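Read the structure below first, then the notes.
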Amino acid sequence: MNAYLLLVVAAFGAGVLNTVAGGGTFLTFPALVWAGIPPVAANATSTVAVFPGYLSGAAGFRRELSGFDPRLLKKIVALTALGGLAGSGLLLISSNQAFSLIVPFLLAFATLVFAFGDRLQAWARARALDTQGGALPTLLVAVYGGYFNGGLGIVLLALFSLWGMRDLNAMNGLKNALSFVLSVLSVITFAWAGLVAWPQAVAMMAAAALGGYAGAPLARALPRRMLRAIVIGTGAIMSLVFFARLWM
C-alpha cells in the first residue's frame, strides 16, 4: 500500500475512533513509523494530525464546560499547560532509541487503562475521592500527554473518575478542552523544534477531520461493547507489534 494512502486511511480511522470511543493515536502513530518517520518525529506528527478535532469536540460541550467553577477550571488548565510543556520538552531531548524503548509500555498502559476504565471509575466513585483539581495527578497526566499523545483521552477520563466526576458529558467536554490545550502547546513546541513531517501531517489532519465527522452516526449505530473491543484490540495489537520491534 502506498505510504500516503496508508497514512490517510489511518488518520480517517483515528478520527472515527476518537469520536466514538477514543484511542485514535493507536492508528496514526504506528502508521507513521511504518511509513519511515523516526519514532520521535512520528509521535510529534501524530499529535499534529489529530489535534484540530479536540477544539470542535470541546465546542460541542460548551454548556457543560460553562458549569465548572471558573477558578477551578483556570487552575486545571494552568496545571495542564505546565505539565504539557514539560512533557513536550522531555520528548525534544529523547533519542529515537530511548523513545522506541518506552513506546510499547506507554501503548500497553493506555490500552489497559481503557480496558479497565469502567472498573476504575466504579472504584473511584465508590470511594467518593475528593481530589478534584489535585495538582500532582493533573501534572503527571499532563506530562504524559505532552510526551506521548497516545491514549490521552482515556487517561484523562480515568483522572476525572478519580476526582469523583460522574457526568459523562462534562467529562468528555473537559477531556476535549484539556486535550486541545495540551496538543496546541505540543504542536507549537514540536513545530519550533522541526520535528513535524508537515506534508504527512496536513494530509492526515484533513482525513482525521472527515473521520471525526463520519464517526458520529457510527457511534450511534454500533453497540458500545463492539466499539470498546475495537479500541482494545487495536491497542493490544499495536503494543505487541512495538514490543516485537524491540527484539528485531
Side-chain angles (χ1 to χ4, degrees), residues 1-15 17-18 23-55 81 83-111 142-155 179-209 211 234-235 237-248:
M1 180 183 290
N2 178 274
Y4 267 93
L5 178 59
L6 172 68
L7 295 178
V8 167
V9 170
F12 182 86
L17 275 183
N18 281 339
T25 314
F26 290 153
L27 297 179
T28 53
F29 173 72
L32 283 160
V33 172
W34 184 90
I37 307 297
V40 172
N43 184 56
T45 305
S46 178
T47 300
V48 174
V50 300
F51 96 94
Y54 294 134
L55 179 60
L85 283 172
S88 56
L90 282 174
L91 184 68
L92 296 186
I93 61 175
S94 294
S95 67
N96 285 307
Q97 291 78 11
F99 189 70
S100 295
L101 287 173
I102 297 170
V103 161
F105 297 96
L106 295 176
L107 285 170
F109 169 74
T111 303
V143 170
Y144 170 89
Y147 185 77
F148 183 63
N149 192 256
L152 173 60
I154 300 163
V155 177
S179 295
F180 182 70
V181 170
L182 276 169
S183 297
V184 166
L185 291 170
S186 297
V187 167
I188 293 172
T189 303
F190 299 153
W192 172 79
L195 288 178
V196 180
W198 284 108
Q200 291 88 339
V202 171
M204 294 175 78
M205 286 169 69
T234 302
I237 291 169
M238 291 301 104
S239 300
L240 290 172
V241 167
F242 277 85
F243 273 117
R245 282 170 58 92
L246 296 179
W247 304 99
M248 293 174 62

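Values in this document were obtained by computation on a predicted structure and should not be read as measured data. Only heavy atoms go into these numbers, but all of them, side chains included; no hydrogens, no water, no symmetry mates.
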Report, one line per pair, each donor and acceptor closer than 3.5 Å where one atom sits in a side chain of residues 92-106; sequence neighbours left out.
{"residue": "Ser94", "atom": "OG", "partner": "Leu90", "partner atom": "O", "Å": "2.9"}
{"residue": "Ser94", "atom": "OG", "partner": "Tyr147", "partner atom": "OH", "Å": "3.1"}
{"residue": "Ser95", "atom": "OG", "partner": "Ala98", "partner atom": "N", "Å": "3.0"}
{"residue": "Asn96", "atom": "OD1", "partner": "Val40", "partner atom": "N", "Å": "3.0"}
{"residue": "Ser100", "atom": "OG", "partner": "Asn96", "partner atom": "O", "Å": "2.7"}

Please output the side-chain donor-acceptor pairs of residues 187-202 that fall under 3.5 Å, not counting sequence neighbours, one pair per line with the distance.
{"residue": "Thr189", "atom": "OG1", "partner": "Leu185", "partner atom": "O", "Å": "2.8"}

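The two residues Met204 and Ala49 have their closest heavy-atom pair at CB-CB, 3.6 Å. Ala42 approaches Ile37 most closely through the heavy-atom pair N-CG2, 3.4 Å. Gly13 and Leu27 make their closest contact through C-CD1, 3.6 Å (heavy atoms, listed as atom of the first residue, atom of the second, distance). Taking each heavy atom of Ala10 and Ala31 in turn, the nearest pair found is CB-CB, 3.6 Å.
For Thr47, there are no side-chain hydrogen bond (donor to acceptor under 3.5 Å, both in side chains) partners at least two apart in sequence or on another chain.
Atom CZ in Phe26 sits 6.5 Å away from atom OG in Ser239 (nearest 0.5 Å). If you take CG on Leu6 and CG on Leu32, they are separated by 8.5 Å, rounding to the nearest 0.5 Å. Summarising the geometry, atom CG belonging to Leu182 is positioned 9.0 Å from atom CG belonging to Leu85; distances are rounded to the nearest 0.5 Å. Atom OG1 of Thr28 is separated from atom CG of Asn43 by 9.0 Å, given to the nearest 0.5 angstrom.
The shortest distance between side-chain heavy atoms of Thr45 and Val48 does not fall below 4.5 Å. Phe148 places none of its side-chain heavy atoms less than 4.5 Å from the side chain of Leu91. Counting heavy atoms from C-beta on, the side chains of Phe242 and Phe29 come closer than 4.5 Å.
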